[in-house]
Every structure is written in structure tokens, then in C-alpha cells.
*Asks:* 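Once you've had a glance at the structure underneath, I'll fire off some questions.
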Amino acid sequence: MDFKPAIQKDKHQKALILGPCSAESQQQLTRIIEDSASLNPDFIRAGVWKPRTRPGHFQGIGEGALRWFKELKKQYPVKFCTEVANAYHVEACLEAGVDALWIGARTTVNPFYVQEIADALKGVDIPVLIKNPINPDLFLWLGAIERIHRSGIGRIAAIHRGFSFFGNSVYRNVPRWQIPIELKRRLPDLQLIADISHISGSPERLLEIAQIAMDLNYNGLMVETHPDPQSALSDSDQQITLDFLTKNILAKLIQRNPISNDQIYNQKIESIRKEIDLIDQEIIQLLGKRMQLAENIGSEKKENNISILQPERWNEIIQRLKEIAQQEQLSEEFVFSLIEAIHIESIQHQSRKMNS
Ligand code: PEP
Ligand code: MN
């Protein structure tokens with residue numbers, strides 16, 4: 001798939017999309033536009049139809065907000081983008097002259113809706129930003145990008161907004177950076193934007209997430225901003241003022257270059273990478289050995305008719321590794337997901353042996 005940039009930028013310049021979770025009033029949008037003028041945002045984002053997880057919450061102003069966009073575009077040199085979830089939304093946005101559309105996480109999961117949007121976009125030339133699906137499924141994300149691309153849209157970007165999970169996390173939506181990294185490996189020309197607000201869920205972690213995104217060569221950021229976050233009608237916990245964005249995030253972000261021409265630096269990196277490659281190889285070979293042992297256990301269990309999952313043993317493994325993780329300065333979250341993956345593979349090996 002060939003893509004054209006959804007957001008026109010010089011090579012190392014980063015895109016900035018900012019604005020409220022929801023369009024609430026023309027005054028609110030006017031303030032955002034005026035206060036953000038010096039930041040020169042590429043798009044002002046503002047939700048018109050809001051997909052609320054549970055009923056009874058503010059569901060957006062609807063088409064009335066599109067009239068505010070139209071009015072404000074007459075007064076200011078500004079571009080708006082908003083979320084579309086069906087053909088009706090697309091048509092209303094095109095009619096109102098909205099500059100770019102985004103497909104939300106709750107829509108990317110559903111190929112019927114994505115296809116409906118793709119069909120409504122046939123013959124239209126507008127940038128479309130596609131958020132990751134709420135569940136950590138790379139292929140649903142890729143599938144949505146492919147459906148929109150097939151409808152003839154060339155200006156596509158992906159927005160990484162994190163993934164739903166069950167349990168505790170410091171994030172509202174866990175980033176699972178490996179998924180956007182894999183997306184970018186498969187589609188190197190596709191622009192990738194980090195929606196740091198929906199990953200973080202609060203102002204505290206925005207800088208940390210934005211810095212990781214910059215260090216991973218993302219093409220830009222989407223940030224929810226509101227003149228008065230506390231009074232916001234949706235996502236009030238995570239929205240920030242433009243002052244906060246300027247002073248506490250943009251001013252502190254370190255921009256880095258993707259590559260260097262310095263020979264000494266390149267040699268050093270190459271030698272460290274060789275060591276890393278060796279370690280990765282050893283890790284995989286060790287895992288192979290571990291699975292062999294799991295199969296041996298499988299044979300023994302089969303003979304004695306014992307079930308595969310032994311909750312006490314599993315608990316013991318987790319507790320032991322948590323302690324080692326701490327000594328090795330590895331995060332508990334990482335070690336837990338690693339050992340979980342190993343455990344699942346191990347169960348599969350045992351089960352193959354036991355049911356053969
Ligand atoms: C939003 O951007 O306000 C939104 C609803 O996003 P998501 O689809 O990522 O939840
Ligand atoms: Mn939001």
C-alpha cells in the first residue's frame with residue numbers, strides 16, 4: 001500500500017493535533033483556536049458524535065457543532081478534524097467542509113462500520129486518521145487501514161491511542177508499543193500519531209508517553225486540550241489547558257534524530273547491537289529448552305493422569321520471578337506478561353504431548 005502524508009510536514013517536523021474531547025460551544029472552540037495560534041496546530045480536533053461506553057453520558061452536540069466549524073473556518077485559518085462512525089457522519093462532515101476525519105477505536109474494531117465509512121468515502125480526497133481498535137489486534141487495525149485505502153483514500157495516518165485491558169494499570173489504555181512498532185514495520189510510509197491523552201487518562205503521564213512516541217519516531221501527537229478541563233463534558237480527567245501543554249509537555253520534550261552520520265557513534269551502536277542479537281538468540285534457544293522440559297512434564301503427567309494447570313506452582317513461579325525482576329530492575333508488568341506468554345506456550349507443549 002502506498003500512502004501520501006495525511007499531514008503535510010517537513011522531514012523531521014512533528015505534527016500536532018489538539019483540541020477538546022468534545023465540541024461543546026462555539027466560544028470553547030474559539031478560545032482553543034486563539035490560544036493555540038502560536039503553536040500552529042495542524043488540526044483542531046473536536047468530537048461531534050461521542051461514542052460513550054455507557055449510556056447516560058454526554059453523547060456530543062451532533063450536527064450543530066459542524067455549523068460552528070464552518071463559521072470558525074470563515075474567521076480563522078484553521079483546519080478541523082472529527083470522529084466519524086458511519087456513512088451518515090461522513091456525509092455530514094463532507095457537506096460541512098470538515099478538513100480531516102478520524103475513525104475511533106470503537107469503530108475500527110467493526111469491519112462492517114469501517115466498510116460503510118470506506119464506501120461513503122469513494123471518490124473523495126480527504127485525510128483519514130485511523131485509531132487502533134480498542135482490543136490489541138494488529139490485524140483489525142491493518143484491515144481498517146486497508147479498507148479505507150481501497151476506497152481510494154491516499155492520505156491516511158494511524159493514531160495509536162492504547163488498548164483496553166482488564167485489571168490495574170497506570171494507563172487508561174495500555175500502550176503496548178510493540179503493536180504500533182509492528183504496524184510501522186509493515187507500513188513504513190504510513191504516518192503514525194500518538195494520542196497521548198487516551199493512553200494516559202490523566203495529565204501526569206502525558207510527557208512520559210509523548211517522549212516515548214518521539215523516541216520511536218512517531219510523526220506527531222494528538223492531545224486533548226480544553227480551556228477549563230474540570231468543566232469538560234467528556235474526558236475531563238485527561239484534558240489539559242494549552243498553558244499546561246506548552247509549559248509542561250512541549251517545552252520539555254526532547255527531539256531526537258532518527259539516524260546519525262557520526263562514524264564512531266555508528267560503530268559503537270553496531271557492536272552493542274551484535275551483543276543484543278546474540279542475547280536474543282540465546283533467549284529463544286533457552287525457551288526452546290524450557291519447552292522441551294515442559295513436554296517431559298507432559299509425558300509424566302499423562303502417565304499419571306494429572307491435569308496440566310497447577311495453580312499453586314504457577315503462583316510460586318510468579319512470586320519468585322517478581323523478586324528476581326526487582327533485583328534485575330525489570331518492571332513487574334513486563335516480567336508478568338513475559339512469563340504469562342511463556343506459560344501459555346508451555347501449556348500448549350504439554351497439552352500436545354498429553355493429548356497425542
Ligand atoms: C476521542 O478521541 O475523544 C475518542 C473517543 O477516542 P477513542 O476512539 O480513542 O476512544
Ligand atoms: Mn476523549
Side-chain angles (χ1 to χ4, degrees), residues 1-18 38-43 127 129 132 138 141-142 145 155-162 170-171 174-197 199-200 204-223 245-286 325 327-331 333-335 337-338:
M1 281 186 275
D2 291 330
F3 299 101
K4 289 190 221 112
I7 305 163
Q8 210 64 49
K9 285 274 137 191
D10 288 341
K11 205 165 167 224
H12 297 310
Q13 248 192 339
K14 301 297 178 186
L16 182 60
I17 302 172
L18 57 79
S38 62
L39 296 175
N40 205 11
D42 297 278
F43 288 107
L129 317 173
N132 66 256
L138 171 68
W141 201 1
L142 276 168
I145 292 167
R155 290 188 285 163
I156 298 179
I159 301 183
H160 172 214
R161 52 77 80 195
V170 293
Y171 303 106
V174 288
R176 300 199 189 283
W177 295 102
Q178 67 275 29
I179 296 177
I181 288 174
E182 177 59 13
L183 181 76
K184 193 76 182 160
R185 189 184 70 80
R186 288 171 183 244
L187 303 175
D189 306 336
L190 182 74
Q191 286 180 324
L192 181 60
I193 307 289
D195 171 351
I196 58 176
S197 302
I199 294 177
S200 177
E204 287 78 47
R205 289 193 176 259
L206 291 173
L207 176 62
E208 165 203 317
I209 297 161
Q211 188 62 59
I212 297 175
M214 291 300 102
D215 291 343
L216 294 175
N217 301 320
Y218 276 48
N219 301 89
L221 301 176
M222 178 184 259
V223 195
L245 172 66
T246 311
K247 291 189 185 134
N248 295 320
I249 297 171
L250 299 180
K252 293 184 180 167
L253 262 190
I254 305 167
Q255 294 266 2
R256 302 184 222 265
N257 301 318
I259 50 165
S260 161
N261 295 322
D262 184 294
Q263 281 232 328
I264 298 176
Y265 158 82
N266 282 326
Q267 279 164 2
K268 265 192 205 155
I269 290 286
E270 203 180 319
S271 104
I272 299 174
R273 281 187 178 151
K274 277 198 182 122
E275 272 186 71
I276 288 181
D277 287 349
L278 268 178
I279 291 182
D280 286 347
Q281 188 181 329
E282 281 170 24
I283 292 174
I284 299 296
Q285 287 167 340
L286 272 175
Q327 289 158 18
E328 296 295 328
Q329 298 186 15
L330 297 170
S331 79
E333 213 165 0
F334 163 69
V335 172
S337 45
L338 179 68

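Here, residue 1 is the first one in the sequence, and each next residue gets the next number. Given the structure is predicted, the values throughout are model-derived calculations rather than measurements.
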*Asks:* Looking only at heavy atoms, which two atoms of Arg161 and Asn132 are closest? And how far apart?
*Replies:*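 So the minimum-distance heavy-atom pair works out to N-OD1, 2.6 Å.
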*Asks:* Looking only at non-hydrogen atoms, find the nearest pair between Ile193 and Met222 and report the distance.
*Replies:* CG2-N, 3.6 Å
*Asks:* Pick from Leu221, Leu39, Asp42: which one makes a side chain to side chain contact (heavy atoms under 4.5 Å, CB included) with Leu18?
*Replies:*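 Of the listed options, the one satisfying the test is Leu39.
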*Asks:* Could you grab the distance from atom CD1 of Ile283 to atom CD1 of Ile276, nearest 0.5 Å is fine?
*Replies:*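 Ile283 CD1 to Ile276 CD1: 10.0 Å, rounded to 0.5 Å.
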*Asks:* Using side-chain heavy atoms (C-beta onward) and a distance below 4.5 Å, is Leu183 in contact with Ile145?
*Replies:*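 Yes, close enough: below the 4.5 Å cut-off.
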*Asks:* Write down the atom of Ala213, the atom of Trp177, and the distance for their closest heavy-atom approach.
*Replies:* N-CH2, 4.1 Å
*Asks:* Kindly check if the number of other-residue, nucleotide or ligand heavy atoms within 6.0 Å of CD (Gln263) is above 12?
*Replies:* no
*Asks:* Around atom CG of Asp280, are there more than 12 heavy atoms of other residues, nucleotides or ligands at under 6.0 Å?
*Replies:*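 Enclosed.
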*Asks:* Parallel, tilted or perpendicular: which one describes the rings of Tyr218 and His160, with boundaries at 30° and 60°?
*Replies:*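 Rings of Tyr218 and His160: tilted, as their planes differ by 30° to 60°.
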*Asks:* Does the side chain of Glu270 pick up a donor-acceptor pair with the side chain of Asn266 at under 3.5 Å?
*Replies:* no
*Asks:* Let me confirm one number: the CG-CG distance from Leu245 to Leu207, rounded to the nearest 0.5 Å.
*Replies:*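 Nearest 0.5 Å value for the CG-CG distance: 10.5 Å.
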*Asks:* Knowing that exactly one of Asn219, Ile179, Leu216 qualifies, which makes a side chain to side chain contact (heavy atoms under 4.5 Å, CB included) with Lys184?
*Replies:* Asn219
*Asks:* Please report the interatomic distance NZ(Lys252) to CG(Leu206), rounded to the nearest 0.5 Å.
*Replies:*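 Nearest 0.5 Å value for the NZ-CG distance: 12.0 Å.
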*Asks:* For atom CD1 of Ile264, is the number of surrounding heavy atoms from other residues, nucleotides or ligands below 6.0 Å larger than 12?
*Replies:* no
*Asks:* Is the shortest heavy-atom distance from the side chain of Leu142 to the side chain of Leu187 under 4.5 Å?
*Replies:*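 Of all side-chain heavy-atom pairs linking Leu187 with Leu142, at least one is under 4.5 Å.
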*Asks:* If you measure from CG on Leu138 to CZ on Arg176, what distance do you get to the nearest 0.5 Å?
*Replies:* 13.0 Å
*Asks:* Hey, could you give me the CE/CD1 distance between Met214 and Ile254, rounded to the nearest 0.5 Å?
*Replies:* 12.0 Å
*Asks:* Mind checking the NZ-CG spacing from Lys274 to Leu278? Nearest 0.5 Å is all I need.
*Replies:*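 Rounded to the nearest 0.5 Å, the NZ-CG separation comes to 10.0 Å.
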*Asks:* Could you report the tightest heavy-atom contact between Ile209 and Ser200, atom names first, then the distance?
*Replies:*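 Closest pair (atom of Ile209, atom of Ser200, distance): CD1-CB, 3.5 Å.
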*Asks:* Taking atom CG of Asp2 as the centre, report whether more than 12 heavy atoms of other residues, nucleotides or ligands fall under 6.0 Å from it.
*Replies:*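 Result for CG/Asp2: open.
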*Asks:* Is a donor on one side and an acceptor on the other found under 3.5 Å between the side chain of Gln191 and the backbone of Ile7?
*Replies:* yes
*Asks:* Let me know which of His12, Gln13, Lys14 forms a side chain to side chain contact (heavy atoms under 4.5 Å, CB included) with Gln255.
*Replies:*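 One option only clears the test, and that one is Lys14.
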*Asks:* Please give me the minimum heavy-atom distance between Trp141 and Pro180, naming the atom from each residue.
*Replies:*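 Result for this residue pair: CZ3-CA, 4.0 Å.
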*Asks:* So which atom in Asp189 and which in Phe3 form the shortest heavy-atom distance, rounded to 0.1 Å?
*Replies:*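 Shortest heavy-atom contact: O-CB, 4.2 Å.
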